[in-house]
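Atoms within each ligand, like the ligands themselves, are counted from 1 in listed order.
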Amino acid sequence: PTINDLIKRFKFTRILDSNPRMKIISLLGSIDNEDAIITVEKTHFIFDENVRRPSQDKNSQETIIYHVENEYSCIGGIEELKQLTSNDIYYWGLSIIKQDIVQNPTAKINLIWPANYVHIRRYDQQHLHLIRETPETYKEVVKPYVEEMSTPEKLKWVYDILYENSETSRVIYKDYEDDRKKSSFVILPDTRWDGVNLDGLYLVALPYRDDIRTVRDLRPSDRDWLIELNRKFRSIVPACYNFSVHADELKIFIHYQPSYYYFHFHIVNLKHPVLTDGSLVGKAILIEDAIDHLKTLGPEGYMARSLAYAIGESHELWRRGLKDEVGKQMKRDGIPEIPKVLNGFE
Ligand code: M7G
């Protein structure tokens, strides 16, 4: 089925999350009696663009990049504008801006169907806690979970991209050779990106090597591999987008905890707000930092570190032991418990 057929059959159950600042809403419902999650996100605005045109100079074969206002620009593309009020030097109103399904769509819609309980919990609005994951906590609580979550069935979408030609038409770069599997990888647009607005450029890079699950598995011997990937990603991605985004305008990072336990990289325009979202503090590790840490971490690499990050109450790991661990840590750190009586009220 296509997303069009499926959306028509969607029966709404409840709102999972809604964020007016990010202009994003996630709904839980069902399609043919199986759970479905729909996420609708308003796309970002366009103003200008770079276009390639042949040089005016007849003797030159070169194309020149021009900077022009886009036809769908948030100013030039205004089709209707209605003033609400003005006061002194301030004016405000509402507008309709020219839309186009390819050039300037209104929203990006993601659908997961059938969605399992891990998906639903991930999208559900939840209370966050900061946890310091020590090497011991990793071994006791996290490692068994990572092992359960990294089976080929749970990572089908990844293996489908790597070996079954899923999303092939969207792959922007593939570097693969059987005898150099370790250095092979593909880069393609993340489902998070609308594929239109470069300010929100969001790509995912999937290496072919699958002996690493998370940053925890990185050892000093992997340093050269990371250095080489960083160099390649920063060379390839700007070239794929006409150099409208430069090598030093990309943030390349790894998530911990990730949603998917197949080691991969996020390649994102610096302008994209991912790393400034407070709830994600600690979750993203820049590739530069990983390269640097591995220099000093000793033979155990990231296995020897404590990693601090925020985790939601509905994350499976919270229930499996991180909740208890936070309690114990606070006690050890000498942080007082919440008093039983607050401001005289029981
Ligand atoms: P993560 O760090 O495991 O999870 O990244 P998180 O960032 O959600 O916490 C996995 C990345 O893969 C996310 O950015 C997803 O948006 C992206 N992604 C997930 N799926 C199922 C797909 C897919 O089928 N295709 C593509 N292109 N990207 C996906």
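Between the side chain of D324 and the backbone N or O of G321 there is no donor-acceptor pair closer than 3.5 Å.
Under the 4.0 Å criterion applied to side-chain N and carboxylate O atoms, K156 and D160 are assigned as salt-bridge partners.
The closest side-chain donor-acceptor pair between K108 and N110 falls under 3.5 angstrom. For Y256 and E133, the side-chain atoms include at least one donor-acceptor pair closer than 3.5 Å. Checked by atom type, the side-chain pair Q257/Y309 shows a donor-acceptor distance below 3.5 Å.
For the pair Q257 and ligand 1, no heavy-atom separation below 4.0 Å is found. Residue contacts with ligand 1 leave out S166, since none of its heavy atoms falls under 4.0 Å from the ligand.
Counting the atoms of ligand 1 from 1 in the order shown, those under 4.0 Å from a heavy atom of P189 are 27 (N). Contact atoms of ligand 1 toward H255: 1 (P), 2 (O), 6 (P), 7 (O), 9 (O) (distance under 4.0 Å to a heavy atom of the residue).
Nearest to atom 1 (P) of ligand 1 by heavy-atom distance, out of R122, H264, K283, is H264. Atom 12 (O) of ligand 1 has its nearest heavy-atom neighbour, among W157, F253, Y256, Y260, in W157.
For atom 25 (N) of ligand 1, the closest heavy atom belonging to the protein is E167 OE2, 2.7 Å. Given atom 11 (C) of ligand 1, the protein heavy atom at minimum distance is D190 OD2, 3.5 Å. Closest to atom 6 (P) of ligand 1, if we only count protein heavy atoms, is S259 OG, 3.3 Å.
A side chain to side chain donor-acceptor pair (under 3.5 Å) with Y302 is found for exactly one of H293, R219, R216, namely H293. Shown are F233, Y176, F263, W225; of these, the ring pair (Phe, Tyr, Trp, His ring centres under 6.0 Å) with F185 is made only by F233.
In terms of N/O distances under 3.5 Å, ligand 1 is not approached by V204.
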